**Student:** 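Could you have a look at this structure, given as structure tokens, before my questions?
In this text, all values refer to a predicted model and were calculated from it rather than measured experimentally.
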Amino acid sequence: MSDTPELTPAEPRRVVVGVAGSIAAYKAPFVIRALREAGHEVKTVPTEAALRFIGAPALAAVSGAPVSSGVFDDPAAVEHVAVGEWAELVVVAPASADLLARVAAGRADDLLTATILTTTAPVMLAPAMHTQMWLNPATQENVATLRRRGLTVLTPDSGRLTGKDSGVGRLPEPDRIVTEALALLESSDVEGRSNGLEGRRVVVSAGGTREPIDPVRFLGNRSSGRQGCAIARAAAVRGARVTLAAAHVDASILARLPASVEVIPVNTALELNDVVRHLCTDADAVVMAAAVADYRPATVSAAKIKKHGLEDDETGPVPPPVITLVENPDILAGLVSDPPRGEDGRTLVVGFAAETGDEDGDVLSHGVAKAWRKGADLLAVNAVGPALGFGDVPNAVVVLDAQGREVARASGSKDDVARALVDLIAERLENN
């Protein structure tokens, strides 16, 4: 049994889950269940229209609490005020076009809209509707109004809708809704606590570099950039000024970042090295979460290498081309041995070590050796494989110091790990 502290997310909170009248209402129980499994207390408030798609008994069963929909269900309890005051977060999933319009107009003709009008808690709306309804100028104006007032309105996903239609308007997946909601909740907490990152400058790298072979081929890796983006998001929530060096990160992942995060796209390891070193001249902390190629081709073909050029000739089979590789700079080690900030101040250097283990050692032993070689203040060692580490899958890290000693562990979603690491970074900066 390890004595290393397990870094965990924040304490349980009180969440109201609203459900509007949409065929996507059948997904609401997945949102409710995920919130409860994370330890949060949930009250469900459906509209009357929502109850035409999913029954109150199902919502009550999954939430573990009675379900009300009208302001007159229990007049003595003054539920529209009581529920709004009870809530620390309100999430509406799905939010129909009608619900968005009524909230934008300040209506309070059922328990859900009255709760939204009453509460001082953060409110997040996850829309679900047909593409033409979402793109209608009336809906877009309502969304702009709600966002201007401080409510969070997610952009719906694109994909298959009801019937044969496809397009934007699909309800975001429940795990995304829960992740965004809990990040919003944490963001609302920042102002009322000492967070250690207010005004701090944090640089994060994310994604995977690509080393070109010719105009269409490259050497790359499987990193999606999700963990680095989660760290950037968590640091911004804690009040930091964040710049993200993003190596081939999908736009849908970058779209989840707060608007305050500056994103600089990069391509190769050499480019990432230059960008990160420039950004770190005034950084309080740098987190190297990107997967950086160790090698690059010594030469890059100006034209696509043709397969037909490898066919047999009169002297026999033509061998395939040999790609000579040269070593890329070790960005993480360079930040330690040659700090860009110089005498102006010290930058806390945090690295990642994605390992698989082999006949020479397991994941952690390779991580310890890497901690000694790199010298970073903190090194998050994580196992990678088909269902762990890279991509839209859970993550688990063991955090080591520069001497290879365990200082913490964190596991769960990418956002869980990010919040835990950012807490640790804030603590280190505050104590230095």
**Student:** Is there side-chain contact between Leu244 and Cys229, with at least one heavy-atom pair below 4.5 Å?
**Tutor:**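 Yes, side chains in contact.
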**Student:** Ser413 and Asp416: side-chain donor and acceptor closer than 3.5 Å?
**Tutor:**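 Their side chains do contain a donor-acceptor pair, which is all the 3.5 Å distance test asks for.
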**Student:** Enumerate the side chain to side chain donor-acceptor pair (under 3.5 Å) contacts for residues 14-30, please, sequence neighbours excluded, ordered by first and then second residue.
**Tutor:**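 Sorted pair list comes back empty.
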**Student:** Of all heavy-atom pairs between Val19 and Ala25, which one has the smallest distance, and what is that distance?
**Tutor:**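 Residues Val19 and Ala25, closest heavy atoms: CG1-CB, 3.8 Å.
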**Student:** For Gln403, check side chain to side chain donor-acceptor pair (under 3.5 Å) against everything at least two apart and list the hits.
**Tutor:**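 For Gln403 the side chain to side chain donor-acceptor pair (under 3.5 Å) partners, ignoring immediate neighbours, are Arg405.
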**Student:** With Arg241, which residues qualify under side chain to side chain donor-acceptor pair (under 3.5 Å), at least two apart?
**Tutor:**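 Partners of Arg241 under the side chain to side chain donor-acceptor pair (under 3.5 Å) test: none.
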**Student:** So, using salt bridge (Lys or Arg N to Asp or Glu O under 4.0 Å) as the criterion, who are the partners of Asp98 when residues are at least two apart?
**Tutor:**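 Asp98: salt bridge (Lys or Arg N to Asp or Glu O under 4.0 Å) contacts with Arg102.
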**Student:** Using the side chain to side chain donor-acceptor pair (under 3.5 Å) criterion, which residues pair with Glu262? Sequence neighbours excluded.
**Tutor:**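 Checked Glu262 against side chain to side chain donor-acceptor pair (under 3.5 Å); matches are Thr243.
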**Student:** Below 4.5 Å, heavy atoms only, C-beta onward: do Leu135 and Thr139 meet side chain to side chain?
**Tutor:**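 Contact flag for Leu135/Thr139 side chains = no.
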**Student:** Going by the rule salt bridge (Lys or Arg N to Asp or Glu O under 4.0 Å), which residues pair with Arg149 if we only count those two or more places apart in sequence or in a different chain?
**Tutor:**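 For Arg149, no residue satisfies salt bridge (Lys or Arg N to Asp or Glu O under 4.0 Å) once neighbours in sequence are set aside.
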**Student:** Would one find more than 12 heavy atoms of other residues, nucleotides or ligands at under 6.0 Å from atom CD of Gln140?
**Tutor:**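 More than 12 within 6.0 Å, yes.
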**Student:** Might you work through the salt bridge (charged side-chain N to carboxylate O under 4.0 Å, His left out) test for Arg373 and Asp330, ending with a clear yes or no?
**Tutor:** CA-CA 11 Å; Arg373 291 197 310 273; Asp330 189 324; over 6 Å; no
**Student:** Does Asp214 have any salt bridge (Lys or Arg N to Asp or Glu O under 4.0 Å) partners at least two apart in sequence or in another chain, and if so, which?
**Tutor:**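 Asp214 satisfies salt bridge (Lys or Arg N to Asp or Glu O under 4.0 Å) with Arg217 only.
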**Student:** Listed by chain and number, what are the side chain to side chain donor-acceptor pair (under 3.5 Å) partners of Asp362, not counting sequence neighbours?
**Tutor:**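 Side chain to side chain donor-acceptor pair (under 3.5 Å) list for Asp362, sorted by chain: Ser365.
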**Student:** What is the minimum heavy-atom distance between Ala235 and Val202, and which atoms define it?
**Tutor:**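 Nearest pair, atom of Ala235 first, then Val202: CB-CG1, 4.4 Å.
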**Student:** Sequence neighbours left out, what passes side-chain contact (heavy atoms from CB on, under 4.5 Å) with Thr209? Give chain and number order.
**Tutor:**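 Checked Thr209 against side-chain contact (heavy atoms from CB on, under 4.5 Å); matches are Glu211, Ala247, Ala269, Leu272, Val292, Ala293.
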**Student:** Who pairs with Ala371 by side-chain contact (heavy atoms from CB on, under 4.5 Å), at least two apart in sequence or on another chain?
**Tutor:**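 For Ala371, the residues satisfying side-chain contact (heavy atoms from CB on, under 4.5 Å) (neighbours in sequence not counted) are Leu379, Leu400.
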**Student:** With sequence neighbours left out, what residues match Asp274 under salt bridge (Lys or Arg N to Asp or Glu O under 4.0 Å)?
**Tutor:**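 Salt bridge (Lys or Arg N to Asp or Glu O under 4.0 Å) list for Asp274, sorted by chain: empty.
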**Student:** Taking Thr119 for the side chain and Glu85 for the main chain, is one N or O donor matched with an acceptor at less than 3.5 Å?
**Tutor:**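 Flag not set: sc Thr119 to bb Glu85 has no pair under 3.5 Å.
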**Student:** Using the test side-chain contact (heavy atoms from CB on, under 4.5 Å), find all partners of Arg160 that sit at least two apart in sequence or belong to another chain.
**Tutor:**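 If we apply the side-chain contact (heavy atoms from CB on, under 4.5 Å) test to Arg160, skipping adjacent residues, the hits are Ser166, Arg170.
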